[in-house]
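The residues of the chain are indexed from 1 along the displayed sequence.
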Amino acid sequence: MAATGASEGFSVNARCLAFHGPLLYESKILKTYFPNERNEDVDIEEIPEENRAAVAYLIHYKGWKSSWDEWLPQERVLRWTEENLRMQKELKSEALQQLRSKKSGGPGQRELTPTAGSAGTSSLQKRKETGKEGVDSAKVTKKTRREAEEKDDEYFSHLDVNIIVPDTLKAQLADDWENITKNSQLVKLPRSPNVQDILQEFRAFYLKRRLGSAETEILDEVLAGLQLYFDKSLGSILLYRFERQQYLEVTRGNPGKVPSEIYGAEHLVRLFVSLPGLLSHTHMDQQSINVLKSHIEELLRFLAKNQKTYFVESYINSTPAYEAISRGL
């Protein structure tokens with residue numbers, strides 16, 4: 001899909017298409033910036049440093065609040081043409097198909113799994129099943145298995161799954177670690193709002209942009225996937241050693257409930273630190289990862305903006321009896 005029409009020369013208020021993450025959205029030019037020229041009504045400090053060396057545009061996404069306005073380099077701004085509109089639709093369709101493929105059960109299936117080693121295993125199994133006719137999978141040699149796994153590792157190592165965490169949430173994670181591992185404190189459970197509440201509130205916030213049906217389906221797929229990741233990975237990789245006894249107690253005390261109904265933002269934000277490693281062991285392609293990454297980073301900004309609402313102000317002190325039990329686990 002090739003974009004048509006260079007963005008140079010756009011005037012203020014011009015209608016255009018602009019990339020936000022991997023998708024294109026209808027937009028309007030609010031301001032223009034040309035390096036080495038006089039740019040009236042433009043505060044250079046408003047423009048990200050990496051965008052100051054070339055033409056840039058202040059973009060307003062149609063239907064979105066002005067808080068989402070941003071400066072974009074010219075290559076992320078496209079002219080309003082029939083070909084670019086077709087590309088917009090194709091990008092939405094492809095992104096939706098990739099994110100929904102795990103439900104289809106078809107050849108394009110790329111199911112997300114929080115089990116770190118599962119991707120190489122499933123890929124190897126597929127190779128076994130599609131090998132020479134009549135060859136028993138049990139006879140696959142160690143060399144063949146090693147070569148297959150190395151090929152998987154080589155592919156996964158090229159995927160860009162870096163997730164940008166806001167500085168305020170990095171500080172939150174540092175305090176969280178110190179409270180639990182150094183001060184022997186715990187998050188009081190069950191939490192309210194819990195993870196499911198947070199994801200639904202983020203959904204309501206996101207839908208204020210009046211998204212189309214395809215974009216809404218993508219959003220719902222992403223949020224459902226994140227909840228599944230959280231529920232499946234909390235007990236295995238998202239807890240500190242000191243929290244494991246609390247996990248056993250709270251799950252016994254809340255039968256029938258999944259972790260996303262018990263835990264809150266403190267543990268949800270830990271997921272996003274672990275997620276790059278988890279995603280690198282899936283069969284998602286780079287475009288699908290870009291869609292997921294874009295939504296995750298917006299969710300992280302939402303959490304940072306509402307930090308006082310979603311995170312506890314103080315942790316609870318553990319009892320001597322709890323400490324004795326937990327240290328022995």
Side-chain angles (χ1 to χ4, degrees), residues 1-95 98 158-167 206 209-212 214-215 218-219 222 272 276 279 284-302 304-305:
M1 293 176 292
T4 63
S7 60
E8 291 90 341
F10 272 162
S11 58
V12 173
N13 293 323
R15 191 184 193 187
C16 62
L17 291 167
F19 278 100
H20 185 79
L23 301 178
L24 280 167
Y25 297 89
E26 180 178 350
S27 307
K28 181 175 73 173
I29 306 290
L30 299 181
K31 293 182 182 180
T32 62
Y33 168 78
F34 297 90
N36 304 319
E37 294 185 17
R38 292 186 60 183
N39 294 277
E40 297 181 2
D41 301 324
V42 174
D43 182 356
I44 189 68
E45 296 301 321
E46 295 178 357
I47 305 174
E49 190 171 349
E50 63 270 19
N51 292 340
R52 297 176 188 174
V55 177
Y57 298 100
L58 180 61
I59 295 296
H60 172 72
Y61 298 99
K62 183 179 178 181
W64 298 22
K65 290 185 177 180
S66 59
S67 58
W68 291 95
D69 296 350
E70 61 178 337
W71 284 95
L72 297 180
Q74 58 182 336
E75 61 267 19
R76 290 180 58 189
V77 184
L78 305 182
R79 293 193 178 280
W80 188 270
T81 67
E82 289 299 323
E83 186 170 349
N84 288 340
L85 288 170
R86 283 196 298 272
M87 181 171 71
Q88 179 193 34
K89 292 180 180 179
E90 289 172 9
L91 289 172
K92 287 181 182 178
S93 177
E94 289 176 7
Q98 293 291 345
H158 287 83
L159 295 178
D160 177 15
V161 290
N162 180 49
I163 294 173
I164 299 174
V165 179
D167 290 341
Y206 201 97
R209 305 176 192 178
R210 292 174 288 183
L211 304 177
E215 292 160 297
I218 291 173
L219 172 64
V222 169
F272 300 125
L279 292 177
M284 295 178 69
D285 60 23
Q286 188 64 58
Q287 182 181 357
S288 299
I289 286 179
N290 288 343
V291 173
L292 184 59
K293 179 176 180 288
S294 174
H295 284 79
I296 288 172
E297 290 180 349
E298 292 198 28
L299 174 55
L300 285 168
R301 289 192 290 269
F302 174 78
K305 185 177 180 180

Evaluation steps, side-chain contact (heavy atoms from CB on, under 4.5 Å), between S27 and V77: CA-CA 9 Å; S27 307; V77 184; over 6 Å; no
Steps toward side-chain contact (heavy atoms from CB on, under 4.5 Å) verdict (Y33, Y57): CA-CA 6 Å; Y33 168 78; Y57 298 100; over 6 Å; no
Check against side-chain contact (heavy atoms from CB on, under 4.5 Å), W71 and L30: CA-CA 10 Å; W71 284 95; L30 299 181; over 6 Å; no
Test log, rule side-chain contact (heavy atoms from CB on, under 4.5 Å), inputs K31 and E46: CA-CA 11 Å; K31 293 182 182 180; E46 295 178 357; 3.8 Å; yes
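When all heavy atoms are compared, the tightest approach of L300 to I164 is CD1-O, 3.6 Å. Here the closest non-hydrogen pair linking D69 and Y61 is OD1-N, 4.4 Å. Contact record, T32 with F10: CG2-O, 3.4 Å, taken as the closest heavy-atom pair. Listed here is the closest heavy atom pair of R79 and L17: O-CD1, 4.2 Å.
Between K89 and E83 there is no salt bridge, since no side-chain nitrogen of the basic residue lies less than 4.0 Å from a carboxylate oxygen of the acidic one. Electrostatic pairing of K293 and E297 counts as a salt bridge here, judged by a charged N lying under 4.0 Å from a carboxylate O.
Within a 6.0 Å radius of CD in E49, no more than 12 heavy atoms belonging to other residues, nucleotides or ligands are found.
Remark: the T81 side chain and the N84 side chain contain an N/O donor-acceptor pair separated by less than 3.5 Å. With no hydrogens or angles considered, no side-chain donor-acceptor pair links H60 and E70 at under 3.5 Å. Looking only at atom types and distance, the side chain of Q88 has no donor-acceptor partner in the side chain of Y25 under 3.5 Å away.
Listed by chain and residue number, E26, W80 satisfy the side chain to side chain contact (heavy atoms under 4.5 Å, CB included) test with R15 (two or more places apart in sequence, or in another chain). With sequence neighbours excluded, the residues satisfying side chain to side chain contact (heavy atoms under 4.5 Å, CB included) with E45 are D43, R52.
At a threshold of 4.5 Å between non-hydrogen side-chain atoms, the residues I296 and F272 count as touching. In this structure the side chain of N13 never reaches within 4.5 angstrom of the side chain of I29, judged on heavy atoms. Counting heavy atoms from C-beta outward, F19 and L91 have side chains that approach closer than 4.5 Å. Counting heavy atoms from C-beta outward, M87 and L78 have side chains that approach closer than 4.5 Å. Contact annotation: the side chain of I218 approaches that of H295 to within less than 4.5 Å [non-hydrogen atoms, C-beta and beyond].
Not a single donor-acceptor pair under 3.5 Å links the side chain of N51 to the backbone N or O of A56. In this structure a side-chain-to-backbone donor-acceptor pair under 3.5 Å is missing from R76 to A18.
Between L72 atom CG and L58 atom CG the span is 8.5 Å, to the nearest 0.5 Å.
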